[in-house]
Amino acid sequence: MAKKYYSVSVDSVEDSSHTDQLTVISRYLEGNRPVERFVTFLPSTGHKAEEMAGVLLAFLNRVGLTIQECRGQSYDNASNMSGHYKGLQARIVNMNKYAKYVPCFGHSLNLVGKDAANSCSEAVRFFFNFVQALYTFFSGSTWRYKKLKDKLDEKGLSESMPKKLSDTRWSCHADACQALVHGYENIIDILFEFSTDIEEKSECRITTKGLFDQISKLETVIFAEFWNTVLQRFNSSSKTLHSVQLNLNAAVGVLKLLKEFMNEQGTKFDAFEEAGKRLTNTEEYIVQHRRLQRRNVCQQPLDYGHSEEAQVMPKEAFYAKAFLPCVDKLLMCLEHRLGAYSEVCDLFGFFKNFSTMDSNPLKLQQKSCLLSTSMIWVQHLMIS
């Protein structure tokens with residue numbers, strides 16, 4: 001029996017021949033079970049919303065489906081897809097106001113980590129640039145790569161080889177952070193060997209010395225411990241969100257739990273600091289030397305003399321300028337992404353109550369009322 005109503009998901013994918021294609025996925029119900037099916041690849045005519053909408057509508061017409069029967073659409077968060085006025089979802093909604101748009105949960109979570117990292121220059125400077133430079137250094141030479149790999153294999157840490165970062169998949173960041181934390185002692189030993197080996201080229205020794213100095217800093221390892229903890233949880237949540245059987249309420253619950261988790265991490269700076277001190281065997285932060293500014297007496301006439309600017313301890317400066325901004329940005333992005341799903345949850349969240357109803361007469365009556373409400377909504381959707 002053909003299913004009348006469906007939802008659609010479209011994404012742009014580049015294949016091995018560097019040909020851009022649109023993947024079309026349909027989702028519908030068989031009985032009371034949601035079914036998700038890959039439908040086809042479509043040749044891409046461009047990345048503009050108007051062009052993708054034309055390709056999608058032409059395909060639906062060819063297979064005998066109309067856009068008026070679409071009851072949901074899900075894309076990534078790119079502006080050409082999710083734009084409120086000219087995005088693909090907006091164009092579909094203009095033709096069918098019942099095609100509710102739900103942003104991709106996995107992509108939303110990916111953007112949370114990316115935005116948080118890029119928003120804090122200290123996080124990039126102290127950590128992510130270093131992780132990428134570490135991978136580039138060892139992968140750029142088969143000899144260096146083999147030497148580190150042999151040392152890690154001896155310790156049973158073959159999975160702790162430096163990993164490459166990715167701009168699109170933040171699971172790579174989780175793997176890279178985990179590899180650095182677990183293989184820290186062996187990596188720093190190898191870096192020290194290369195930096196003091198007179199048989200190595202001077203360029204190699206200079207590069208290695210810079211990496212050794214960076215990995216020895218307390219700030220670097222504090223960030224390694226923090227981002228490893230955060231990204232492992234993000235990666236676990238992302239895998240949960242990719243489950244085909246996951247419903248909207250459960251997905252929102254995953255994001256809410258992740259937000260609670262991040263609130264807890266904001267209070268655990270001392271724990272990350274202690275872990276960093278154990279690995280680096282140092283308690284010293286970098287002292288940033290800069291010219292002290294004196295207060296302007298003309299602008300502050302009540303400030304007699306030339307009192308100097310208050311000094312901030314290196315630990316407090318790192319906590320306030322590097323650690324807290326990352327936590328705050330993560331929380332702000334999670335709150336923003338959660339808000340994107342609130343409208344749909346408000347409309348359809350009551351369906352989760354059906355599974356808790358039993359044979360109790362009162363609860364059966366409640367279920368009947370809920371079912372009647374849902375049927376009214378379905379009938380409302382059918383009037384187009």
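Just so it is clear, the model here is predicted, and its values are computed rather than measured.
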* Asked: Strictly under 6.0 Å, is that where the ring centroids of Y6 and Y28 end up?
  -> no
* Asked: Can you name the residues that form a side-chain hydrogen bond (donor to acceptor under 3.5 Å, both in side chains) with D150, not counting sequence neighbours?
  -> K146
* For the pair F192 and F212, name the ring-plane relationship: parallel under 30°, tilted 30 to 60°, perpendicular over 60°. => tilted
* If you measure from the Lys or Arg side-chain nitrogens to the Asp or Glu carboxylate oxygens, is any gap between K315 and E273 under 4.0 Å? -> yes
* NZ/NE/NH1/NH2 to OD/OE distance under 4.0 Å, E200 and R205 -> no
* Verify the cluster assignment for F38 and V24: are they in a single hydrophobic cluster under the rule of side-chain heavy atoms below 4.5 Å apart? => no
* Would F261 end up clustered with M332 when hydrophobic side chains under 4.5 Å apart are linked, directly or stepwise? -> no
* To do: For residues Q178 and Q232, determine if any side-chain heavy atom of one lies less than 4.5 Å from a side-chain heavy atom of the other.
  => yes
* Looking only at atom types and distance, does a side-chain atom of Y184 sit under 3.5 Å from a main-chain N or O of V221, one as donor and one as acceptor? -> no
* Asked: Using the ring of each side chain (for Trp, its six-membered ring), is F269 parallel, tilted or perpendicular to F318, with breaks at 30° and 60°?
  -> tilted
* Salt bridge between K217 and D213, side-chain N to carboxylate O under 4.0 Å? -> no
* **Whether F194 and F137 hold their rings parallel, tilted or perpendicular, with breakpoints at 30° and 60°** => perpendicular
* Asked: Are F59 and I67 linked, directly or through other ILVMFWY residues, by side chains that come within less than 4.5 angstrom of each other?
  -> yes
